[in-house]
Amino acid sequence: MADLSAVAVACANIAFIKYWGNRDSRLRIPVNGSISMNLDGLFTQTRVTFRPEHEVDVLNLNRQIIGGKALERVSTILDLVRAQARLPLFAEVVSENNFPTGAGIASSAAAFAALSLAATCAAGLNVSEAELSRLARRGSGSAARSIPGGFVEWQAGESDLDSYAFSIAPPAYWDLVDLVVIVQADEKQVGSSEGHALAWASPLQEARVQDAPRRLNICRKAVLERDFDALAGVVEQDSNLMHAVMMTSNPPLFYWEPASLSVMKLIPQWRESGLAVCYTLDAGPNVHVICQADAAVEAQNRLEAIPGVKKILKASPGGAARIVKDVHPWPAQANE
Ligand code: PMV
């Protein structure tokens, strides 16, 4: 029998225009499109091996055997792959991140992108990038955006068939840097899957969603024209809109810590004084400070001096999810 095993690597991504709320939560069809940048150096590496001797799927995540909801989500992807490949075998999935899990660094995006690519390859399927993006979306919406490389747009679509992501510019197109300012590395309280379901409980969600095409247009144009000021304005507004929805859901979700706010208040002041920086936060307290490469050293020095900042990870635009020959020991993250 052929070797039913493959290893894939995928980057995390940071959304410039956020996905928050589903039109269909089982299929993870979002209510609005989103735009992101892949994060080079913040990876998940996943090996999938289908084996006749397995009686269930087994998930080894960051060197621990995991069951429950995490395993169920992994099996959802494996079931789709098994059905398409007509392969009636359970799998062993060994997955490792080189960054803290569950702290607003979109670990599920990298994880489900790597899982989808490794599983389809191990099962011998030949799938297009759009098909892979659709498959990854079923595990975690934002994972759809970690399949293509560089700067990526996920078109919301209306069905499973037309909801997928594609690259709008390659990684080398714009040398932006994401300084991920860690103020708390613990597992977050309310995961994004639950959070999406609460979005419509906020009276602000409708306004956020209705205005999304405008923000997407500004953001796409800013990326294509490498216009940092235009990008900064729309990225900060979009993040603030999503957090306003989160804070006014029922129950309300407050993801920020005091140190998150300290950073958020300083960044626009720094920008006004000429440093090309802006902020955005996902469903966690850590602040992603997006900057032009020539502002990164100065921004990092200033950020390190803010009380409550524990650590800063640094990432430039990352490539597409890819198959690698074998499991490699992780290179140390640049800032560790
Ligand atoms: O892919 P999920 O279900 O973990 O949702 C991600 C939601 C945000 O990170 C908050 C925003 C985004 O677009 O990445």
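Order of listing sets the numbers, starting from 1, for every ligand and every atom in it.
Residue Gly141 has at least one heavy-atom neighbour below 4.0 Å for each of these atoms of ligand 1: 1 (O). Listed by number with element, the atoms of ligand 1 under 4.0 angstrom from any heavy atom of Lys18 are 13 (O). Atoms of ligand 1 found under 4.0 Å from any heavy atom of Met242 (numbered from 1 in listed order, with element): 10 (C). Near Ser108, meaning under 4.0 Å from one of its heavy atoms, ligand 1 places the atoms 4 (O). Listed by number with element, the atoms of ligand 1 under 4.0 Å from a non-hydrogen atom of Ala15 are 12 (C), 13 (O), 14 (O). Heavy-atom contacts of Ala283 reach the following atoms of ligand 1: 10 (C) (cutoff under 4.0 Å). Counting atoms of ligand 1 from 1 in the listed order, those under 4.0 Å from a heavy atom of Arg145 are 12 (C), 13 (O), 14 (O). Atoms of ligand 1 lying under 4.0 Å from at least one heavy atom of Ser142, given by number and element, are 1 (O), 2 (P), 4 (O), 6 (C), 14 (O).
Annotation: Ser193 places no N or O atom under 3.5 Å from an N or O atom of ligand 1; distance criterion only. Close N/O approach between Asn13 and ligand 1 is not found [any backbone or side-chain N/O within under 3.5 Å]. The shortest N or O to N or O distance between Tyr19 and ligand 1 is below 3.5 Å. Residue-to-ligand polar distances keep Trp20 apart from ligand 1: every N/O pair is separated by 3.5 Å or more. Any N or O atom pair closer than 3.5 Å counts here, and Ser192 shares at least one such pair with ligand 1.
Ser146 contributes no side-chain N or O that, together with a main-chain N or O of Ala143, makes up a donor-acceptor pair within less than 3.5 Å. Side-chain atoms of Asn32 come within 3.5 Å of backbone atoms of Lys18 as a donor-acceptor pair (strictly under, hydrogens ignored). A side-chain donor-acceptor contact under 3.5 Å links Asp162 to the backbone of Glu158. With hydrogens and angles disregarded, a donor-acceptor distance shorter than 3.5 Å links the side chain of Thr120 to the backbone of Ser116. Using modelled atom types, no side-chain atom of Asp178 and backbone atom of Ala315 make a donor-acceptor pair closer than 3.5 Å.
For Ala109, the closest heavy-atom approach to ligand 1 does not fall below 4.0 Å.
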Practice task
Could you give me the CA-CA distance, side-chain angles and deciding distance for Ser128 and Glu131, then say whether side-chain hydrogen bond (donor to acceptor under 3.5 Å, both in side chains) is met?
Solution key: CA-CA 5 Å; Ser128 67; Glu131 285 172 298; 3.1 Å; yes
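The two residues Asn38 and Gly319 have their closest heavy-atom pair at ND2-O, 2.9 Å.
Counting only residues at least two apart or in different chains, salt bridge (Lys or Arg N to Asp or Glu O under 4.0 Å) contacts with residues 77-87 comprise Asp57-Arg82, Asp79-Arg82.
Between Glu257 and Lys310 there is no salt bridge, since no side-chain nitrogen of the basic residue lies less than 4.0 Å from a carboxylate oxygen of the acidic one.
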